[in-house]
Amino acid sequence: MSVRHALLALLSEGPKYGLQLRNEFEAKTGDVWPLNVGQVYTTLQRLERDGLVVSDGEGEEAGAQKDFRITELGERELETWLRTPPDLSAPPRDEVVMKVLIAMSVRGVEVREVIQDHRRYMVELMQEWTRLKSHDGRDDLNFALVVDAELFRLDAVIRWLDAADGRIARFDPEADAPATATPRAMPYPLPRRTAVRR
Amino acid sequence: MTAALELHDVFKTFGDGPTAVHALRDVSLSVAAGELVAVMGPSGSGKTTLLTIAGGLEDPTSGEVFVDGEPTSKMSRGHKSQLRRRSIGYVFQDYNLLAGLSALENVSLPLELDGVSSKPARIKAQAALDNFSVLDKADKFPDELSGGERQRVAIARATVGERQLILADEPSGALDSVNAESVMRAIHDACKQGVAAVVVTHDAKLASWADRVVFIRDGKIMDETHPPSSPEAFVAHPAQ
Ligand SMILES: Nc1ncnc2c1ncn2[C@@H]1O[C@H](COP(=O)(O)OP(=O)(O)O)[C@@H](O)[C@H]1O
Ligand SMILES: [Mg+2]
């Protein structure tokens with residue numbers, strides 16, 4: 001995620017202070033990605049160095065007093081970035097895919113149980129996001145959009161797991177017996193909103 | 001507290017001999033009042049069979065189904081069909097609404113079949129349509145409604161009156177994801193008012209509305225989700 005371009009987008013609405021940029025960034029991304037003030041100022045410095053923003057504050061001290069505005073070059077950079085698709089041409093080395101592939105060749109490991117462990121975890125994550133969305137998603141469009149993106153991403157992982165499960169079952173008739181995964185408590189992290197910080 | 005719905009060691013076999021299909025094998029499931037449970041599994045895994053047995057539309061080969069603590073096998077036929085009409089609401093993918101009846105008539109029909117006279121039945125039906133934001137479609141016929149509106153009318157019908165249990169089989173059918181979400185939101189809202197629900201789906205986005213997701217494969221419940229052990233266990237995603 002490009003903090004740089006997100007800041008440019010916020011500045012395209014008008015001049016702003018550093019702290020204000022931090023707060024607006026978090027609000028506009030549905031409070032899902034926390035951002036520290038230090039990161040905002042380093043990014044602003046680089047943007048200024050590259051001529052994409054200018055500041056008209058009082059010298060070097062007390063960054064919070066500086067007012068930043070976007071330049072024409074900055075506006076062009078923002079527009080180009082918005083329309084440039086990310087490079088997805090090479091498949092990422094997906095951890096879940098790797099684990100399932102490896103599980104098939106590790107002796108004593110039931111690959112369909114491994115698949116179910118991952119499936120359950122993904123569904124639990126989705127439940128958590130949906131819970132957050134159903135609590136306050138009605139009036140927070142930005143948050144709902146970010147959560148949707150996460151739900152679709154996790155859903156795609158589950159669909160791949162389902163497809164892998166079916167493919168493996170068909171490939172190896174021995175694996176048809178239903179696996180009984182042992183229930184256990186959630187040992188993995190779940191998401192939450194960061195907004196409480198303010 | 002007695003569960004709103006309980007399946008106890010349920011088996012269901014279709015046919016016999018070498019061609020017998022074991023659609024459910026030793027399924028036990030308990031759903032509390034106010035709880036929304038989703039059942040996920042591949043096609044042919046027994047999801048629909050589980051739902052029809054839970055709703056008393058079919059009998060298990062062995063095992064017992066309890067509705068509000070009462071074993072359905074001990075009920076008279078009359079009592080059982082009254083239970084099906086009065087306490088259980090069904091949302092099925094295919095046979096949803098009756099084409100010759102308006103939205104309002106579709107929703108009031110189960111009440112009238114149950115002996116409620118027509119005026120109070122209409123008032124209750126209007127309230128149910130209103131609950132799911134389709135009161136303005138009361139006089140429309142199913143073929144005059146969008147897919148999302150039809151589903152909401154079906155859910156209004158499933159929750160009208162004193163329904164305590166909603167059983168939904170792939171309730172979002174071919175809906176787009178925003179409409180599918182509103183179906184789940186509607187069921188979720190009904191559960192918050194104390195109704196128990198079992199929703200069968202292969203879509204994890206819909207299942208994620210449930211308090212608990214149960215995984216079924218080859219007629220067996222093989223796993224289920226667990227609520228997070230404590231809210232403090234959550235960690236925020238670090239910013240990249
Ligand atoms: N009435 C029936 N007669 C014979 N077999 C059936 C009948 N209903 C379901 N089955 C079989 O039972 C199994 C489970 O079916 P079903 O419950 O419809 O699965 P799902 O809803 O998960 O796709 C399948 O193998 C199906 O063919
Ligand atoms: Mg089915």
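It should be emphasised that the depicted structure is a prediction, and the values quoted were computed from it without experimental measurement.
- Within a 6.0 Å sphere centred on CD of A/Glu75, other residues, nucleotides and ligands contribute more than 12 heavy atoms.
- A donor-acceptor pair is defined here as one N or O able to donate and one able to accept, closer than 3.5 Å; such a pair exists between the side chain of A/Glu124 and the backbone of B/His226.
- Heavy atoms only, all atoms of each residue included: A/Ser134 and B/His188 are closest at OG-CE1, 4.1 Å.
- Under the side-chain hydrogen bond (donor to acceptor under 3.5 Å, both in side chains) criterion, B/Thr201 pairs with no residue at all, not counting sequence neighbours.
- Using a 4.5 Å cut-off between heavy atoms, B/Met40 contacts chain A through its side chain alone, with no backbone atom that close.
- Surrounding NE2 of B/His8 are at most 12 heavy atoms belonging to other residues, nucleotides or ligands under 6.0 Å away.
- Classification of B/Arg217 and A/Asp165 as a salt-bridged pair holds, one side-chain N sitting under 4.0 Å from a carboxylate O.
- Within the 4.5 Å cutoff, no side-chain heavy atoms of B/Thr225 are placed close to those of A/Tyr121.
- Across all non-hydrogen atoms, the minimal contact from A/Arg120 to B/Asp223 is NH1-OD2, 2.5 Å.
- Across every non-hydrogen atom of A/Leu151 and B/Lys205, the tightest pair is O-CG, 4.3 Å.
- Within 6.0 Å of the CD atom in A/Glu72, the count of heavy atoms belonging to other residues, nucleotides or ligands does not exceed 12.
- Taken from CG in A/Asp162 to OG in B/Ser43, the straight-line distance is 11.0 Å, to the nearest 0.5 Å.
- Here the side chain of A/Gln127 pairs no donor or acceptor atom with the backbone of B/Trp209 at under 3.5 angstrom.
- Salt-bridge check for A/Lys133 with B/Glu181: passed, with a basic side-chain N closer than 4.0 Å to an acidic carboxylate O.
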